[in-house]
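Side chains included, hydrogens not; waters and symmetry mates left out as well; all remaining heavy atoms used.
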Amino acid sequence: STRTCGDAGSPVAHAILCACARRAGLVSGLQDRPRPVCPRPCEPALNRMQARNTEHSHAGFTLVELVVVVSVIGIIAAIAVPGLMRARTSANESSAIGSLRSVNAAQTTYAASCGGSGFAQSLADLALPPSGAASGFISPDLSANGIVKSGYVVNVAPDTGATPVVAASRTCNGSSLDTVTTYFAEAHPLALGATGYRSFATDTRGAIYASPTGGTLAPGMAGASVLD
């Protein structure tokens with residue numbers, strides 16, 4: 001079949017057809033005459049041009065293009081991952097502080113209603129429900145010493161100088177240990193540098209203390225300062 005200058009699918013093919021037409025003496029310019037029929041000798045050149053265009057349009061990524069894409073992804077990941085890790089550890093530290101505040105609130109309620117003005121010596125005793133109740137004084141995700149919550153290990157113990165107040169058998173929830181005059185609670189990272197950088201603690205006074213080293217704090221708060 002024959003083609004006209006206007007039938008070409010691309011500017012290059014259009015130019016080839018019209019050049020053929022000019023050589024055949026059919027047109028004097030590219031646009032100023034009705035579209036003539038291109039002589040058949042130009043068809044092979046046009047067909048080769050269209051075949052190359054079709055082959056190029058279906059080609060996939062080259063090796064160089066793939067290497068560039070992978071390199072860009074690697075750079076973005078190297079920039080983003082440290083920021084994500086910092087955000088994660090910051091969220092874990094906030095959760096640890098919240099856990100200690102929950103312990104303070106639970107101990108206050110326990111002492112006033114169940115422990116005869118004495119405090120529980122463990123998270124397990126705080127988690128025991130009083131007679132006739134369905135839930136304890138603290139949430140189930142803090143139900144035992146050594147429990148891990150959001151990358152932090154949480155514990156409750158008697159504070160330095162604590163003395164018994166009420167025998168375990170006389171508490172309203174049948175606690176395993178006697179209630180005491182003062183308590184201490186701490187939270188430290190399960191994996192220092194991965195789940196958190198700081199450790200935290202609190203006691204009967206209710207203030208939250210923090211240690212920048214991330215080591216487990218002991219009663220007395222040595223090496224820690226009050227959290228602002």
Side-chain angles (χ1 to χ4, degrees), residues 84-130 133 135-168 171-228:
L84 292 175
M85 289 296 295
R86 285 192 296 270
R88 176 185 167 187
T89 54
S90 178
N92 288 346
E93 290 180 355
S94 296
S95 176
I97 294 169
S99 295
L100 293 182
R101 286 178 175 154
S102 295
V103 169
N104 285 336
Q107 288 280 29
T108 299
T109 303
Y110 182 82
S113 63
C114 192
S117 299
F119 301 102
Q121 298 189 50
S122 68
L123 286 171
D125 282 349
L126 284 176
L128 286 173
S135 58
F137 297 89
I138 200 163
S139 60
D141 57 356
L142 292 172
S143 59
N145 278 9
I147 198 165
V148 178
K149 180 181 179 182
S150 298
Y152 270 76
V153 183
V154 184
N155 292 290
V156 169
D159 200 356
T160 303
T163 57
V165 176
V166 172
T171 61
C172 72
N173 65 344
S175 62
S176 60
L177 299 170
D178 299 343
T179 63
V180 291
T181 52
T182 57
Y183 71 90
F184 167 82
E186 65 87 18
H188 62 271
L190 177 65
L192 182 61
T195 61
Y197 295 101
R198 298 182 295 171
S199 54
F200 305 94
T202 189
D203 56 22
T204 313
R205 295 169 293 180
I208 305 294
Y209 291 77
S211 170
T213 65
T216 303
L217 289 171
M221 310 296 182
S225 57
V226 177
L227 190 67
D228 293 334

Point-to-point distance, once rounded to the nearest 0.5 Å, from [atom1] of [X] to [atom2] of [Y]:
X    : Y    : atom1 : atom2 : result
I138 : Q107 : CD1   : CD    : 8.0 Å
L217 : T202 : CG    : OG1   : 11.0 Å
H188 : S211 : NE2   : OG    : 12.0 Å
L227 : Y209 : CG    : OH    : 11.0 Å
S122 : N145 : OG    : CG    : 5.5 Å
F137 : T108 : CZ    : OG1   : 12.0 Å

**OP:** Just do the side chain to side chain contact (heavy atoms under 4.5 Å, CB included) check on N104 and I208 with the steps written out, would you?
**Re:** CA-CA 10 Å; N104 285 336; I208 305 294; 4.1 Å; yes
Closest approach of [X] to [Y] (non-hydrogen atoms, all atoms of both residues):
X    : Y    : result
K149 : S95  : CE-OG, 4.1 Å
L128 : N173 : O-ND2, 3.1 Å
G223 : P212 : O-CD, 4.2 Å
A120 : D125 : CB-CB, 4.0 Å
C172 : S113 : SG-O, 4.1 Å
G220 : T160 : N-OG1, 4.5 Å

Any heavy-atom pair between the side chains of [Y] and [X] that's under 4.5 Å?
X    : Y    : result
S99  : L142 : yes
D203 : T182 : no
S199 : E186 : no
F184 : P158 : no
L126 : F119 : no
M221 : V226 : no

Original post:
So which of V148, V153, T89, L190 actually passes side chain to side chain contact (heavy atoms under 4.5 Å, CB included) with T195?
Top reply: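 Answer to the side chain to side chain contact (heavy atoms under 4.5 Å, CB included) test with T195 among V148, V153, T89, L190: L190.
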Subject >> Y197 side chain to N92 side chain, donor-acceptor N/O pair below 3.5 angstrom >> reply: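 Per modelled atom types, Y197 and N92 side chains form no pair under 3.5 Å.
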Original post:
Is there a donor-acceptor pair under 3.5 Å between the side chain of Q121 and the backbone N or O of V180?
Top reply: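 Absent.
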**OP:** Would you please name every residue forming a side chain to side chain contact (heavy atoms under 4.5 Å, CB included) with A157, sequence neighbours left out?
**Re:**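 So A157 forms no side chain to side chain contact (heavy atoms under 4.5 Å, CB included) with any residue.
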